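Notes follow once the structure below has been shown.
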Amino acid sequence: MTDWIRPANLAEALSARAAHGDYMLLAGGTDLMVGASERAAPAGVIDLFGLDELCALGRDDDGRLRLGAGLTYERLLADPLVRAELPALHDASREVGALQIQARGTLGGNLGTCSPVGDTLPVLLALDAEIELRGPSGTRRLPVDAFCLGYRETALADDELIVAVRFPADIGRRSQVWRKVGTRRAQSISKVMLAASTARADDGALRNVRVGLGAIAAQPLRARETEAVLEGRVPDDALADIAAQTVQTDIAPIDDVRSRADYRRAITGRLVRRWVLQLADAQR
Amino acid sequence: MSSASTGTGNSSRSSDSTGIGDSPDRVDGVPKVTGAALYVDDLPAPDAWHGATLRSEIPHGRFVALERDPDFDWSDVVVVTASDIGGRNTVALLIEDQPALVPVGGTIMHREEALALVAAPTRARARAALKALRVTTEALPAVTTLDAAFAADVKLHGSDNVLKQLEIHRDDADIEAVLAGCAHVIDSTYETGAQEQMYIEPQGVLAEWRGDTCRVVGSLQCPYYVHKALVILLGLPEDQVVVTQAVTGGGFGGKEEYPSMIAGHAALLAKAAKRPVKLIYDRAEDIAATTKRHPSRVRHRLGLDTNGQLVAADIDVALDGGAYVTLSPVVLSRAILHASGPYRIPHVRIVGRAMATNTPPHGAFRGFGAPQTTFAYERQMQKAARLLGVDAFALRRQNMLRVGDSTATGQVLSESVGSQEVLDRLEDALAQAAPPVPARLGSLRSPVRRGRGLAFYFHGSGFTGSGEERLAGRVSVACLASGDFEVRSSSTDIGQGMLTIFTQIAAQALDVPASRIKLSEPSTERVPDSGPTVASRTCMIVGKLVERACTALAQRLRDFATESSLDASDLSVLAAQHVAQRGELSETCEHESPPGVQWSDETYTGAAYPVFGWAACLVDVAVDEDTHEVTVERCLHAVDVGRAIHRRIVEGQIEGGTLQALGWALLESVPYEDGRVLNPSMTDCIIPTSADAPDMETLLVEVPYAHGPHGAKGVGEIPMDGPAAAVAGALEDALGIAADELPLLPEVLEHLLADAPLDEAPA
């Protein structure tokens with residue numbers, strides 16, 4: 001029989017985690033329950049869903065935006081701050097599963113699972129998010145790409161919990177885009193996800209370019225070469241073509257039952273090209 | 001189950017409104033919505049054990065040995081093998097080539113073949129027992145594609161792997177010479193993939209023995225098919241097998257033949273376990289093992305004269321039948337009977353072959369072969385219109401069948417031909433329609449290309465050829481002491497609304513409120529064989545029997561009233577009086593084919609179907625230039641149903657069938673590797689959601705059929721046939737590609753566009 005722990009607050013959750021490092025963490029269950037019948041039952045589950053302290057949303061003293069790890073997509077979608085400051089995350093949340101999944105799935109759960117097709121991960125990469133972890137020895141913060149280590153593998157220690165996600169203070173002033181290409185319009189696993197953001201200098205040059213991609217490698221990743229060719233440049237048609245070329249070397253898509261590597265590669269290039277063209281248009 | 005008012009205060013939709021063409025509440029609506037309806041896995045069976053199936057896992061080979069792990073605790077497990085079968089080891093259908101269980105020493109023909117069965121007190125124990133069975137097999141080279149089946153290097157069936165060959169020759173002319181003389185010949189080959197029915201409720205059966213009688217209850221379409229199969233498998237007299245349909249969560253043809261397999265397995269397990277056994281498939285097993293739509297390849301050569309008149313069609317149809325014959329000959333028959341379309345063509349040759357491969361048998365699915373050949377002939381018509389530079393509607397009107405014309409089998413169409421009407425309604429609706437609302441995909445503004453496609457088609461209602469005559473379906477209607485009437489038929493409600501429309505038809509014929517009509521549970525011990533719930537025949541054929549039986553019963557009651565000097569104004573009162581005074585009164589009617597319906601299986605000529613439904617579908621698509629994702633922005637669908645008995649149910653049938661067809665066209669891919677389905681889950685075996693559904697406008701056209709109830713003819717399948725061709729035509733229009741295969745996934749469009757790059761495609 002599986003031991004089921006439902007802590008009343010974060011302190012209880014942390015002590016349960018410290019005591020049972022082998023127990024499965026359940027943040028919403030939308031991934032965990034898929035295929036649960038095929039897996040051996042875990043020794044225990046720590047059910048974090050709905051813990052108040054993980055559902056806060058606002059600005060920290062340093063000006064950074066802070067989203068609790070327990071926030072559901074439904075909560076994110078309803079929040080005016082998310083809509084205004086994090087439009088890419090808002091758009092991504094709207095395309096996760098369907099209403100039932102949006103009511104159960106959480107930011108922290110998506111991070112903890114670290115699936116190559118986790119819907120919010122490219123957005124968090126593109127929005128320069130940092131992940132706040134807490135354990136017996138205190139709090140630490142990691143950039144999201146230092147947190148996602150590989151295929152369903154994260155930097156979370158077995159006595160830690162994901163507490164919050166933080167974004168740069170100026171993130172709302174950066175241009176943001178989100179595009180998910182899935183197998184259908186809802187309840188869909190992604191074939192390719194693109195999230196991107198950039199600030200603009202007075203002369204129109206791109207600053208702090210971030211490109212997050214999903215479903216194109218074993219884990220979501222930042223397209224660092226692409227970011228580099230765009231950084232500091234003023235976007236135009238030629239730059240769009242260069243970025244489209246470059247991004248195809250940043251990724252390692254595969255053939256699987258949902259799509260084909262050549263298609264994933266081609267559309268990733270075209271979507272990046274479209275983004276840069278859109279940035280060029282915006283300044284004309 | 002009785003109907004109940006929704007309490008919305010909308011009197012025009014109250015449950016007792018029985019008028020033909022109205023939309024009363026569904027008889028089965030409230031129990032299904034409230035969860036009161038019991039599906040097979042919900043049926044209380046506290047003593048039941050749970051069954052599980054050991055499968056072959058190789059596509060072709062020999063079953064050498066089966067051993068039990070000696071370290072496993074077998075004390076509460078029963079194991080059944082082919083040697084436990086009391087009758088003949090077969091799943092009886094058209095012929096007896098498919099075993100219920102492959103015997104040790106026997107040949108494995110696909111990787112989902114059942115080798116042994118287990119039952120245990122819990123599902124977990126049954127699964128554990130499966131893992132403790134050791135199978136030894138020897139692999140043989142497998143045939144997993146149509147090409148390999150035709151090559152026949154490995155012979156699975158006869159010398160050529162042909163499960164069935166059927167031909168239609170309209171005339172004796174040399175078709176090659178006729179084509180050579182045509183001004184234009186369009187020669188194309190079309191391929192379509194397998195499609196999963198994806199009913200919401202997976203397949204399952206509960207079996208138990210009471211003395212020497214085997215009783216099964218299951219999620220199924222055709223109680224008497226299962227009955228026949230069990231009688232043969234168990235070696236029992238007919239009255240010692242009772243088959244009952246449980247409330248069933250969708251079928252679409254998928255629960256036409258496969259339930260006979262599961263019922264046989266459950267019955268064998270229940271006998272061995274000496275207690276009830278539930279055998280319920282989970283989604284993965286259901287997708288992997290049960291039937292799908294036949295993959296197809298159709299080469300179609302269409303000859304036209306300079307004026308756009310169709311002159312000749314030479315059509316070669318190949319279906320992948322899978323490992324056994326099952327229903328493939330009948331699917332092939334419907335495929336070729338629809339292959340030349342609703343057109344006047346003087347010279348027609350059609351050759352069809354169903355081929356054997358080492359994949360699980362393909363089977364019945366809404367449309368039953370017609371969607372595959374409809375896709376081919378309507379793509380040909382789209383290409384013809386484009387080649388000749390003529391209007392798509394005009395080319396159809398010029399060549400369409402009308403009353404008095406004859407089909408490729410020489411069937412003269414004498415009535416209920418809605419060809420002109422569906423095209424007119426569609427064109428009128430199009431002229432009045434507002435432009436579609438563009439879809440938005442994320443915050444990147446990728447440009448789209450738009451296109452439009454038209455499909456025009458027909459679908460034969462009821463069984464092919466002399467099927468209805470051979471079957472001679474029967475329906476009984478009886479008076480009950482309560483003054484209610486019980487309709488006894490083996491037709492099953494699988495979500496399509498049969499309970500409600502039979503209630504309407506019976507209430508109308510007896511002139512009583514709908515609440516007086518009870519539909520008997522479809523159980524072989526309580527209802528006569530009305531034939532299976534397939535082939536768009538339930539309303540038209542069985543519904544007509546309901547009407548006739550009720551009309552005859554009403555006459556008998558009126559005669560009784562006259563004899564006994566009773567008031568005949570309320571037949572319900574009379575019915576109760578009759579039962580009280582003289583005992584039960586019932587009427588049984590048997591199918592009679594309308595005069596003049598003649599068919600020859602030998603020459604494949606004559607009246608292939610009692611009547612046809614007619615339809616036209618127009619689709620507007622928008623294709624994302626960056627990703628080739630296709631949005632169906634609008635779908636107009638005009639369908640001639642003869643007469644809509646229940647308007648809302650008929651519209652629902654058309655909308656549902658349309659969406660299933662759009663899914664087949666754009667999304668639904670069932671890839672196989674060495675005969676194994678690669679995506680056996682609802683996550684990866686994609687069907688459309690409501691978010692994928694376009695703005696649909698359904699246009700009901702009613703050209704009545706004299707021999708259907710109130711003029712009704714079939715509607716269940718026809719909407720599945722045409723939309724895929726309309727979508728492919730729209731994609732050709734948008735992108736300038738030859739969209740000749742299904743499904744047209746974005747990955748396929750990417751590949752097709754690589755030959756004709758997007759920037760150079762015509763706008």
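Every value quoted in this text rests on a predicted model; they were computed, and no experiment measured them. Chain letters run A, B, ... following the sequence lines, proteins first and then strands; every chain starts at 1. For the numbers below, each heavy atom of this structure counts, side chains included, while hydrogens, waters and symmetry mates do not.
Within the 4.5 angstrom heavy-atom criterion, only side-chain atoms of B:E750, from C-beta onward, approach chain A. Interface residue B:N679: backbone and side-chain heavy atoms are both found under 4.5 Å from chain A. Using a 4.5 Å cut-off between heavy atoms, A:R264 makes no contact with chain B at all. With a 4.5 Å cut-off on non-hydrogen atoms, B:L678 touches chain A through its backbone and its side chain both. Both the backbone and the side chain of A:L271 come within less than 4.5 Å of a heavy atom in chain B. Heavy atoms of B:V630 lying under 4.5 Å from chain A belong exclusively to its backbone. Neither the backbone nor the side chain of B:L666 comes within less than 4.5 Å of any heavy atom in chain A. Within the 4.5 angstrom heavy-atom criterion, atoms from both the backbone and the side chain of A:V181 approach chain B.
Within a 6.0 Å radius of CZ in A:R222, other residues, nucleotides and ligands contribute more than 12 heavy atoms.
Proximity to chain B at a heavy-atom threshold of 4.5 Å picks out nothing from residues 116-127 of chain A.
Going from atom NE2 of B:H110 over to atom CZ of B:R55 covers 8.0 Å, rounded to the nearest 0.5 Å.
Side-chain contact check for A:R185 and B:T631: at least one donor-acceptor pair (N or O, by modelled atom type) lies under 3.5 Å.
Taking the six-membered ring where the residue is Trp, B:H362 and B:Y672 present perpendicular rings, their angle passing 60° and hence far from 30°.
Cation-pi contact between B:R293 and B:F365: present, with separation from the ring centre below 6.0 Å and deviation from the ring axis of at most 45°.
Of all the heavy atoms in A:S190 and A:K180, the pair that sits closest is OG-CE, 3.2 Å.
Ion pairing of B:E196 with B:K292 is present here, as a side-chain N (NZ or NE/NH1/NH2) and a carboxylate O approach within less than 4.0 Å. Salt bridge absent: B:D620 and B:R450 never bring a charged side-chain N and a carboxylate O closer than 4.0 Å.
Taking the ring pair (Phe, Tyr, Trp, His ring centres under 6.0 Å) definition, one finds that A:Y151 meets it with nothing, sequence neighbours left out.
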